[in-house]
2 protein chains.
Amino acid sequence: MEKYLEVLRWCPLFKGIADENLLRMLTCLGARVEFFDKKYTIIAEGDKAKFIGIVLSGAVQMINTDFYGNRSIVAVSEKGEMFSEAFACAEIESIPVSVIATEPSEIMLINCSHILHTCTNNCGFHQQMIFNLMKNLAVKNIQFHQKLEVTSKRSTREKLLAYLTVCEKKAGSTSFDIPFDRQELADYLGVERSGLSAEISKLKKEGVINADKKRFELL
Amino acid sequence: MEKYLEVLRWCPLFKGIADENLLRMLTCLGARVEFFDKKYTIIAEGDKAKFIGIVLSGAVQMINTDFYGNRSIVAVSEKGEMFSEAFACAEIESIPVSVIATEPSEIMLINCSHILHTCTNNCGFHQQMIFNLMKNLAVKNIQFHQKLEVTSKRSTREKLLAYLTVCEKKAGSTSFDIPFDRQELADYLGVERSGLSAEISKLKKEGVINADKKRFELL
DNA sequence: GAAAGTATGTTGAAATTTCAACAAAAGGTG
DNA sequence: CACCTTTTGTTGAAATTTCAACATACTTTC
């Protein structure tokens, strides 16, 4: 597990926990690492919601596919971030989305009940970890607020600009990469790909943005 | 505070805490109760995100108003439920939405730092409360997933039916009341009121639903 | 480096939503 | 009960989005 230390130090779950304690905890938690190729399903809709995932390398998307096969991208987790923690913490039966690797990815899986229901009173690191988990859940909540703010806009143009503004803030620069190709961006924003492409072109012509592949710039 | 005991027992924050401990904790937490008339603002966008709110009576809505004045209803909290807990727990600067009373409401306000940063190691009830708070954050997360699933549908009809299906599940009956009037429902679903009214009429004619004011039935 | 496959941009027609305006119904108030 | 206000339903025109189809650019594979 040593080779993952650098990523794990960045993971919100282990904030404030020293390396040597972290490594011991991983054993105690029964953490295991699995590799998934691009496009592979890490957790399928309907699976038991037992595990918290941590992205050690690569990236994953939470996908919601409806009755008619329409894909909606709910969220993205990148290196060092967690996923599926809300489902595991809420102790619901099964997970309502699928988690897909969008690149070859190494994923750490931890049975959430090991975090919630083991030695909660004795071990200080454990308390810290539960606190970290709570804070992370709150942060994810806020991210949902942001996503709702973006997708609740009525037009493709407004959704796109709202999303790019969020990215700009996150990146701390007017120029940044987004984690989506055009079809994925459309599925994330809840709009039509062709209309999205048209809108991007229009905004380029108007001199509002620059865009090339996944790189965007707000002018 | 005794007169609020019945509601507070139902509040997810105090689950598993006996009445006598609960009352002592309220003092320790510095909980206070305020009354708000219908349409009054409990927390305004931009306010410091210090407080967790608990609805003792009445109901509140989380409202997001954009630059152009378009209203979007993010969520509703009813009797016994919490609000603003994610903002407080994430310890962000200021709250990005407004919380409005939709009926005359009694609201309990608790400074979240009193929950997170006081006697966390000594007091068992306190540990329980933090655990409850975490679980509630996870549940709210899942509710956001549900809302996204509803609002990510492309047509007014699909959004409405998806929302009504969620209500049906929650109510455990094909007939139920929704917490919105027509304009509010439109602002919650992210559609036009007139189009929504038209769609409701259509679904009634087709025999798919019954609807009268806030009461709906799925046929 | 050629071939196949994937991603992106473009376009016009069809469908849907938004907008504005009004009428009818319901609710609140003196 | 009459008046005023708010809510809801309806409608048609304008704007926007979706859909389908195709051309081009870019990637991957052999």
Side-chain angles (χ1 to χ4, degrees), chain A residues 37-39 61 66 68-73 100 102-104 150-164 177-206 208-217, chain B residues 37-39 61 66 68-73 100-104 150-164 177-206 208-216:
Chain A
D37 246 325
K38 192 171 171 173
K39 296 200 178 174
Q61 290 180 350
D66 76 6
Y68 303 102
N70 300 312
R71 176 178 78 164
S72 166
I73 298 178
I100 312 283
T102 51
E103 303 168 28
V150 168
T151 57
S152 69
K153 302 269 184 249
R154 299 299 177 82
S155 67
T156 300
R157 162 181 280 243
E158 277 187 302
K159 284 179 192 174
L160 175 59
L161 286 175
Y163 173 66
L164 293 177
D177 284 309
I178 65 169
F180 300 123
D181 63 29
R182 292 289 180 274
Q183 182 65 61
E184 289 171 333
L185 180 56
D187 291 343
Y188 180 81
L189 297 177
V191 299
E192 192 61 29
R193 182 196 61 79
S194 63
L196 176 62
S197 268
E199 205 60 64
I200 290 173
S201 302
K202 216 163 137 192
L203 286 166
K204 280 206 263 187
K205 269 185 204 133
E206 294 174 17
V208 181
I209 67 170
N210 267 332
D212 181 50
K213 311 231 177 86
K214 296 186 170 186
R215 186 143 204 94
F216 283 77
E217 188 182 3
Chain B
D37 246 325
K38 193 173 172 171
K39 297 200 177 173
Q61 289 180 350
D66 77 7
Y68 303 101
N70 300 312
R71 176 177 79 163
S72 166
I73 298 177
I100 313 283
T102 51
E103 304 168 28
V150 168
T151 57
S152 69
K153 302 267 183 254
R154 299 297 177 82
S155 66
T156 300
R157 162 181 280 244
E158 277 187 301
K159 283 179 193 174
L160 175 59
L161 286 175
Y163 173 67
L164 293 177
D177 285 308
I178 65 169
F180 301 123
D181 64 29
R182 292 289 180 273
Q183 182 65 61
E184 290 171 333
L185 180 55
D187 291 343
Y188 180 81
L189 297 178
V191 299
E192 191 62 28
R193 183 196 61 78
S194 63
L196 175 63
S197 268
E199 204 62 63
I200 290 173
S201 301
K202 216 163 136 193
L203 286 165
K204 280 206 264 187
K205 269 184 204 133
E206 293 174 18
V208 180
I209 66 170
N210 267 333
D212 180 49
K213 313 234 177 82
K214 295 187 170 185
R215 185 144 205 92
F216 283 76

Rounded to whole Å, the NZ-P distance (B/Lys205 to D/dG9) equals 11 Å
It should be established whether B/Thr156 places a side-chain nitrogen or oxygen under 4.0 Å from OP1 or OP2 of nucleotide C/dT17. yes
Listed nucleotide nearest any side-chain atom of B/Ser194, set C/dT11, D/dC26, C/dA20: C/dA20
Around atom NZ of B/Lys214, are there more than 12 heavy atoms from other residues, nucleotides or ligands closer than 6.0 Å? yes
With nearest nucleotides of DNA chain C determined for B/Arg154 and A/Glu184 from heavy-atom distances, which residue corresponds to the more 5′ nucleotide? A/Glu184
Nearest 0.5 angstrom please: B/Glu199 CD to B/Leu196 CG, how far? 8.5 Å
Are the side chain of A/Arg182 and the backbone of A/Lys213 linked by a donor-acceptor contact shorter than 3.5 Å? yes
Look at the side-chain N and O atoms of A/Ser197 and state whether any lies under 4.0 Å from the OP1 or OP2 oxygen of C/dT10. no
Got a second to check how far B/Leu185's CG is from B/Phe216's CZ, nearest 0.5 Å? 6.0 Å
If I take atom CD in residue A/Gln183 and atom C1' in nucleotide C/dG5, what distance separates them, rounded to the nearest angstrom? 16 Å
Take atom NZ of A/Lys204 and atom P of C/dG9, then tell me their distance rounded to the nearest Å. 6 Å
A/Lys213 side-chain N/O to D/dT27 phosphate OP1/OP2 under 4.0 Å: yes
Judged by each residue's nearest nucleotide on DNA chain D, which is more toward the 5′ side, A/Gly190 or A/Arg193? A/Gly190
Between CD of A/Glu192 and P of C/dT10 the distance, given in whole Å, is 16 Å
From D/dT10, C/dG9, C/dA26, pick the nucleotide closest to the side chain of A/Arg182? C/dG9
